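One structure is given below, encoded as structure tokens.
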Amino acid sequence: MGIENKNIRVRFAPSPTGYLHIGGARTALFNWLYARHYGGTFILRIEDTDRARSTPEAVNAILDGMKWLGLDWDEGPEKDGEYGPYFQTERLDLYKKFIDRLLESGEAYYCFCSAEELAERRKKKLAEGRPSIYDRKCLNLSDNEKKQLIKEGKKPAIRLKMPDRQIVVDDLIKGIMEFDSKLLSDFVIIKSDGIPTYNFAAVVDDILMKVSLVMRGDDHISNTPKQIVIYQALGIPLPEFAHIPMIMGPDNTRLSKRHGATSVIEYQKMGFLPEAVVNYIAHLGWSSGTNQEIFTIKELVESFALEKISHHSAIFNMEKLNWFNNEHLKRLSDEKYVEMLIPFLIEARYIELPLSEKKEKWLRKVVSLMKSRARNFKQFLEYGDYFFTDDFIIEEEAAKILEQTGVKDILEQLINKLKEIDKWDEENIECKVREMAHQLNLKGKQIIHPARVSLSGKTVGPSLFALMEVLGKERNIKRLEKIISKLSKNSEYTFPKPDNGKRVN
RNA sequence: GGCGCAAUCGAAUAGUGGUUAAUUCAGCUGGCUCUCAAUCAGCAAACGGGGGUUCAAUUCCCCCUUGCGCCA
């Protein structure tokens, strides 16, 4: 760490067809950790050759996701280095040079077969129970034949001529994998519209960008032998390869929208800390080999090692992410917590900027009470709404407590007691409430429970006395009075049901 | 269908040719407490199956099964 190593160059190469999802983020993270650990270079390359599905919005979404996670790139969009451009659609001329080389050496050839023809021949082969390998119909076309076909207006694709030998992939994670080139077929490297295919563009870019290690999801394993053949046809030494296991949904299928939030930006919106998300996804398919789970980014950089990456896919678990977030949240100072929380409070219209010093101090108190309870900022707003608005909902379970006999009297007495308090702090409030319980021969909780519900609408939350202190004397009395006015003499008033009394985690 | 990858508690991971197979999340029980969270103490819970190799296999090899991925 810290020592610059110019030979180590890795890249993250997403297609801008959507937001940055959890799986992509983890691939980016591992590459980034590797680069930072060894003092290498982390490149971000946008593979936008699929023009129909690539959008500038998606590019921005990916950049935003990366930035939020703190995965800064050394070369790439907005940060041009000497190996740019970093958008594939801006690199078409570069691919052409390599294609010409392959065409000249006979390692690649033009193919005029139409999609329809190919589909038909493929169907036939499959019916015969044979693998669908390109039949090399166009391999030996004469120059005249080619000219004729071009004259007819046919646009050729370019195929790579597969050599007849075993292809060995020596993977840093999976070990040695062998593939039979006969089964690989002469695949297309340039489509008839002149756009390079994924495998070709990626290889040329990796060559030109001097990528030393290709680390990507193991869904790319079957692309690797094809890419290796391209390197070999070009006579260029191979980079190293490392294929990392994928992240699956709880039903062990590929993570997708029906599993809930898959975009990293959604986690930002839900009020997760980027360092918690990073910490969690780092542990999906990797471990330090120790019992330590909570890592700062810096610690992750220090501990990261390819050898500790597991070989099998991992299932994304929201509960554990929540736990990681809660742990990181607890480690935040109250000041920092407030700072991070403010945007969420503004969005909920609970506060407005600028903040007075008094208000900020008050916020810190609220935070100190809620810190261990909320697992993310959205949950903070949900569990702690009553700190910020008088217009909170009384949950169904909570309303039942108010319906118990005698509650009205108790709350009336409580107001009188509270009015007697001069110095409004937790200690004095507790003292008064206990005193009242003693005088009326009640248990503490007989006062505390209905009071909590009246003041917060909930049955759960921080210590009542702390809560009362933070809320302030006036607001306490106002809220209690409001509840009393709704209660009939014997407390049989039924509270309106909340729209949604259930908490959603 | 072809090719490939994988397999330890419900989940994520440790781990070893001989271990009481460990930790964290989730679950459960209890302590603390005005409730919840936090915290503390404890419980439960796994080596997919079959063959080898070996004195000994969860660990090494092969097959099967299952899951996943890519291509079609």
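Note that the structure is a prediction, hence the values are computed from the model and not measured. Throughout, protein chains are lettered first and strands after them, A, B, ... in sequence-line order, and every chain is numbered starting at 1.
Figure legend: K320(A) and W323(A) shown as a cation-pi pair, the cationic atom lying under 6.0 angstrom from the six-membered ring centre and within 45 degrees of its axis.
How far CE of M215(A) is from CG of D171(A): 10.5 Å, rounded to the nearest 0.5 Å.
You'll find a donor-acceptor pair under 3.5 Å spanning the side chain of S372(A) and the base of rA37(B), going by distance alone.
Taking A25(A) as the reference, L20(A), L69(A), V264(A), I281(A) meet the side chain to side chain contact (heavy atoms under 4.5 Å, CB included) condition, with sequence neighbours excluded. With sequence neighbours left out, K330(A) forms a side-chain hydrogen bond (donor to acceptor under 3.5 Å, both in side chains) with E327(A).
Checked by atom type and distance alone, the side chain of N325(A) pairs as donor or acceptor with a backbone atom of L273(A) at under 3.5 Å. A distance-only check finds no donor-acceptor pair linking the side chain of D48(A) to the backbone of S15(A) [under 3.5 Å].
The residues K191(A) and D193(A) are annotated as not salt-bridged, no charged nitrogen and carboxylate oxygen being separated by less than 4.0 angstrom. With respect to the salt-bridge test (charged N to carboxylate O, under 4.0 angstrom), the residues K269(A) and E266(A) do not qualify.
Candidate nucleotides rC5(B), rC25(B), rC3(B) were compared by shortest atom distance to the side chain of K320(A), and rC25(B) ranks first.
For RNA chain B, the neighbouring residues in residues 325-342 of chain A, judged by any heavy atom under 4.0 Å, are K330(A).
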Could you run down the sub-3.5 Å N/O contacts of the protein with nucleotides 30-35 of chain B?
{"unit_1": "rC34(B)", "atom_1": "OP1", "unit_2": "R434(A)", "atom_2": "NH2", "d": "3.1"}
{"unit_1": "rC34(B)", "atom_1": "O2", "unit_2": "R452(A)", "atom_2": "NH2", "d": "2.6"}
{"unit_1": "rC34(B)", "atom_1": "N3", "unit_2": "L464(A)", "atom_2": "N", "d": "3.0"}
{"unit_1": "rC34(B)", "atom_1": "N4", "unit_2": "S463(A)", "atom_2": "OG", "d": "2.2"}
{"unit_1": "rU35(B)", "atom_1": "O2'", "unit_2": "T459(A)", "atom_2": "O", "d": "3.3"}
{"unit_1": "rU35(B)", "atom_1": "O2", "unit_2": "T459(A)", "atom_2": "O", "d": "3.4"}
{"unit_1": "rU35(B)", "atom_1": "O2", "unit_2": "G461(A)", "atom_2": "N", "d": "2.9"}
{"unit_1": "rU35(B)", "atom_1": "O2", "unit_2": "G461(A)", "atom_2": "O", "d": "3.2"}
{"unit_1": "rU35(B)", "atom_1": "N3", "unit_2": "R452(A)", "atom_2": "NH2", "d": "3.2"}
{"unit_1": "rU35(B)", "atom_1": "N3", "unit_2": "G461(A)", "atom_2": "O", "d": "2.5"}
{"unit_1": "rU35(B)", "atom_1": "O4", "unit_2": "G461(A)", "atom_2": "O", "d": "3.4"}
{"unit_1": "rU35(B)", "atom_1": "O4", "unit_2": "S463(A)", "atom_2": "N", "d": "3.2"}

Protein and nucleotides 67-69 of chain B: nitrogen or oxygen contacts under 3.5 angstrom:
{"unit_1": "rG67(B)", "atom_1": "O2'", "unit_2": "N252(A)", "atom_2": "ND2", "d": "2.6"}
{"unit_1": "rG69(B)", "atom_1": "O3'", "unit_2": "R254(A)", "atom_2": "NH1", "d": "3.0"}

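No option in I342(A), L381(A), L341(A) other than L381(A) meets the side chain to side chain contact (heavy atoms under 4.5 Å, CB included) test with Y350(A).
The strand RNA chain B forms stems, runs of 3 or more Watson-Crick or G-U wobble pairs with distances below 3.5 Å, at B:1-7 with B:65-71, B:10-13 with B:22-25, B:27-31 with B:39-43, B:48-52 with B:60-64.
Under 3.5 Å, the side chains of T253(A) and D251(A) contain a donor-acceptor pair of N or O atoms.
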